[in-house]
Amino acid sequence: MLNTSDPHILDATFAALADPTRRAVLAQLADRGEATVTELAEPFDISLPGFSRHLKVLEKAGLIERSRQAQFRPCKINPEPLKEASDWLAEYRRLWEARFDRLDALLAELQSAPDDTPAKDEDDDPSH
């Protein structure tokens, strides 16, 4: 039976990951660690308010955390929701790998079985 962890966490995680900008933000944070909103927004051709909406989605999904350091609000990645999603996907991967293994075994069995059908002789062919 597959693990049925909190579906709301998975829903929020996959919804946040559905957007390429948000995936790119997570990749930036994974590479550099903490970064300010301005640093994160720099490579994107998006207004700062529009970019902040992406960060709010990531934060609501629990994928990033924001702290306060003086006037800065640095962001950092929170790996827990990603781990939860990865674990969920891994269960399906194991399920499908087991099914493919059974299919491979069946195909190998069928290929190694003796062929019981008699060879067709051209003389038996009524079309000749």
Side-chain angles (χ1 to χ4, degrees):
M1 183 85 186
L2 295 171
N3 179 12
T4 54
S5 60
D6 185 354
H8 300 295
I9 292 171
L10 289 174
D11 291 350
T13 299
F14 286 123
L17 294 174
D19 185 273
T21 300
R22 294 191 285 264
R23 290 192 306 271
V25 168
L26 290 175
Q28 278 186 14
L29 290 171
D31 285 344
R32 68 195 305 180
E34 267 191 6
T36 65
V37 172
T38 306
E39 292 169 335
L40 290 170
E42 188 177 316
F44 301 100
D45 188 24
I46 303 174
S47 69
L48 206 49
F51 187 77
S52 290
R53 285 191 289 276
H54 283 293
L55 293 181
K56 285 179 185 169
V57 171
L58 290 169
E59 191 173 20
K60 186 175 179 185
L63 292 164
I64 66 169
E65 297 171 349
R66 293 205 252 186
S67 60
R68 185 173 297 276
Q69 294 175 357
Q71 72 270 26
F72 298 106
R73 300 239 342 167
C75 302
K76 68 178 182 178
I77 196 166
N78 177 16
E80 272 310 306
L82 291 172
K83 181 184 180 320
E84 183 121 4
S86 177
D87 291 348
W88 183 82
L89 290 169
E91 290 186 44
Y92 281 96
R93 185 179 308 112
R94 283 189 293 277
L95 171 80
W96 283 105
E97 285 173 352
R99 289 181 181 182
F100 286 134
D101 288 346
R102 288 194 308 270
L103 181 59
D104 285 343
L106 177 62
L107 289 173
E109 180 182 321
L110 291 173
Q111 289 173 343
S112 67
D115 189 6
D116 291 340
T117 58
K120 196 171 199 176
D121 190 16
E122 287 186 26
D123 293 335
D124 294 339
D125 190 356
S127 64
H128 282 115

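For reference, positions follow the sequence shown, starting with 1.
Here the CG-CZ distance, from L40 to F51, works out to 5.0 Å after rounding to the nearest 0.5 Å. Summarising the geometry, atom CD belonging to E97 is positioned 12.5 Å from atom CZ belonging to R102; distances are rounded to the nearest 0.5 Å. Interatomic distance, CZ of R53 versus CG of D19, reported as 12.0 Å (0.5 Å rounding). To the nearest 0.5 Å, atom OG of residue S86 and atom CD of residue E91 are 10.5 Å apart. Separating the CG atom in L29 from the CG atom in L55 is a distance of 8.5 Å, to the nearest 0.5 Å. To the nearest 0.5 Å, atoms CD (E59) and CZ (R66) are separated by 4.5 Å.
By the rule that hydrophobic residues join a cluster once side-chain heavy atoms approach within less than 4.5 Å of another member, I9 and W88 end up as members of separate clusters. Hydrophobic clustering (ILVMFWY, side-chain heavy atoms < 4.5 Å, transitive): L58 and L17 are in one cluster. Cluster membership for V57 and I77, using ILVMFWY side-chain heavy atoms within less than 4.5 angstrom, is not shared.
Checking side-chain atoms of R73 against main-chain N and O of R68 turns up no donor-acceptor pair under 3.5 Å. Between the E39 side chain and the T36 main chain, a donor and an acceptor come within less than 3.5 Å of each other. Put simply, the side chain of S52 gets close to the backbone of L48: a donor and an acceptor are under 3.5 Å apart. Looking at R23, its side chain does come within 3.5 Å of a backbone N or O of A18 through a donor-acceptor pair.
More than 12 non-hydrogen atoms from other residues, nucleotides or ligands lie less than 6.0 angstrom from CG of D104. With a 6.0 Å radius and a threshold of 12 heavy atoms from other residues, nucleotides or ligands, E42 has its CD atom at or below the threshold.
Contact record, A15 with R22: O-NH2, 3.5 Å, taken as the closest heavy-atom pair. A85 and L10 get closest at one heavy-atom pair: CA-CD2, 3.6 Å. The two residues P81 and G62 come nearest to each other via the heavy atoms CG-O, 3.3 Å.
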Please lay out, stage by stage, how L63 and N78 fare under the test side-chain contact (heavy atoms from CB on, under 4.5 Å). CA-CA 5 Å; L63 292 164; N78 177 16; 5.9 Å; no
For Y92 and W96, what are the C-alpha separation, side-chain angles and deciding distance, and is it a ring pair (Phe, Tyr, Trp, His ring centres under 6.0 Å)? CA-CA 6 Å; Y92 281 96; W96 283 105; 8.5 Å; no
